[in-house]
Amino acid sequence: MRENFVRVLGSADWHQTAHNDHSCYTIDDRILVDACPSVVTSLQEHGVEPLDIRLVLMTHMHCDHYMGLAPLLHYWRVCRDKDLSGLTIAGPKADIRRLVEKTLAFVFDSGLAENVTGMPRIVELEDGGEIDFPPYHIRAGAGDHAVPDIVYRVTDSESGHAAGFTGDTRYLESFPAFFRDVDLLLHEASFGAGPVHPEQNAVCRHSSAQEAVRVCKEGGVRSLLLTHSYEPKREAAVAEVRRQLHIPAGWALPHHVYPY
């Protein structure tokens with residue numbers, strides 16, 4: 001059976017630190033989940049050809065999650081002679097097309113009509129949406145963030161392994177069922193160990209380690225990586241999940257690969 005993995009390119013929240021970019025990952029170095037600013041150079045430093053990334057899954061349209069889309073499209077522009085037709089970019093229906101079109105206009109600043117020989121495919125997703133990207137099947141679920149938000153479940157039909165990604169969101173009752181039995185869950189922990197105070201979270205809509213624990217316990221998740229937290233909060237967040245869970249659990253260390 002083929003072994004799957006998640007490569008962590010970054011696991012910081014909106015506050016980047018030395019050697020840790022905003023939250024961004026690859027799945028088997030074929031699918032990119034969100035796009036941190038350093039994505040192209042990070043991929044190359046890990047020996048991954050950016051042209052091998054053919055599917056980009058955007059969780060939401062906050063700049064710490066999409067700023068790397070412009071350098072990725074520029075790389076395709078240079079290396080594929082302006083042909084971007086082999087790339088698919090998926091994300092929340094409310095925002096993804098507008099964001100991609102603005103990014104293309106920025107990258108091809110002298111005009112799309114004269115400079116693009118093939119456009120990327122844009123997939124607009126809502127709760128319940130699906131993408132087939134053989135051998136992977138991707139399911140989209142609703143998140144709850146300050147902007148339209150998608151959570152993802154990615155299953156390799158050959159190995160049967162599944163990984164889940166929350167992006168940025170506060171807890172929803174649908175999460176345990178959506179992520180049920182995934183082999184690896186990357187769950188945001190912006191509030192560190194927690195708890196999350198509802199009045200504090202009414203606008204920003206994030207989670208803590210305690211919400212991650214709840215998803216794992218109720219959903220039978222097999223392993224957990226916390227991500228998207230300010231550095232001083234991480235140690236306590238990891239201690240909280242390890243105190244409550246009896247599965248492999250830790251922090252998504254940047255530049256590390258996690259088989260699942």
By the ring-ring contact (aromatic ring centres under 6.0 Å, His included) test, which pairs, at least two apart or in different chains, include something from residues 87-106?
none

With sequence neighbours excluded, give me every ring-ring contact (aromatic ring centres under 6.0 Å, His included) pair touching residues 18-62.
Tyr25-Phe165, His46-His255, His60-His62, His60-His65, His60-His145, His62-His145

For Val257, what are the other residues in its hydrophobic cluster, where any two members join if their side-chain heavy atoms are less than 4.5 angstrom apart?
Phe5

Pairing residues for Arg80 by the salt bridge (Lys or Arg N to Asp or Glu O under 4.0 Å) criterion, not counting sequence neighbours
Asp83

Looking only at side-chain N and O atoms, does Tyr136 offer a donor or acceptor that is under 3.5 Å from a partner on Asp28?
yes

Those residues at least two apart in sequence (or on a different chain) that pass side-chain contact (heavy atoms from CB on, under 4.5 Å) with Lys93 are Glu124, Glu126

Distance-only donor-acceptor hits, side chain of residues 183-190, under 3.5 Å, sequence neighbours excluded:
unit_1 : atom_1 : unit_2 : atom_2 : d
Asp183 : OD2    : Ala162 : N      : 2.9
Glu188 : OE1    : Ser190 : N      : 2.9
Glu188 : OE1    : Ser190 : OG     : 2.9
Glu188 : OE1    : Ser207 : N      : 3.0
Glu188 : OE2    : Thr169 : N      : 2.9
Glu188 : OE2    : His206 : ND1    : 2.6
Ser190 : OG     : His206 : ND1    : 3.0
Ser190 : OG     : His228 : O      : 3.3
Ser190 : OG     : His228 : ND1    : 2.9

Partner residues of Arg7 under the salt bridge (Lys or Arg N to Asp or Glu O under 4.0 Å) criterion, sequence neighbours left out
Asp29

Once ring-ring contact (aromatic ring centres under 6.0 Å, His included) is applied, do any residues pair with His137, and if so which ones, sequence neighbours excluded?
none

Could you go step by step and tell me if Glu211 and Ser208 meet the side-chain hydrogen bond (donor to acceptor under 3.5 Å, both in side chains) rule?
CA-CA 6 Å; Glu211 283 70 48; Ser208 74; 2.6 Å; yes

For Leu84, what residues pass the side-chain contact (heavy atoms from CB on, under 4.5 Å) criterion, not counting sequence neighbours?
Leu73, Trp76, Leu104, Phe108, Pro120

Checking Thr88 now: which residues fulfil side-chain contact (heavy atoms from CB on, under 4.5 Å) with it, not counting sequence neighbours?
Leu55, Arg121, Val123

Looking at Leu32, is its backbone amide N or carbonyl O close enough to the side chain of Thr26 to form a donor-acceptor pair, meaning the two atoms are under 3.5 Å apart?
no

side-chain contact (heavy atoms from CB on, under 4.5 Å) involving Arg234 - partner list, sequence neighbours excluded
Ala12, Asn20, Ser229, Glu231, Trp251

Besides Phe191, the hydrophobic cluster formed by Ile, Leu, Val, Met, Phe, Trp and Tyr side chains linked at under 4.5 Å, directly or via other members, contains Val196

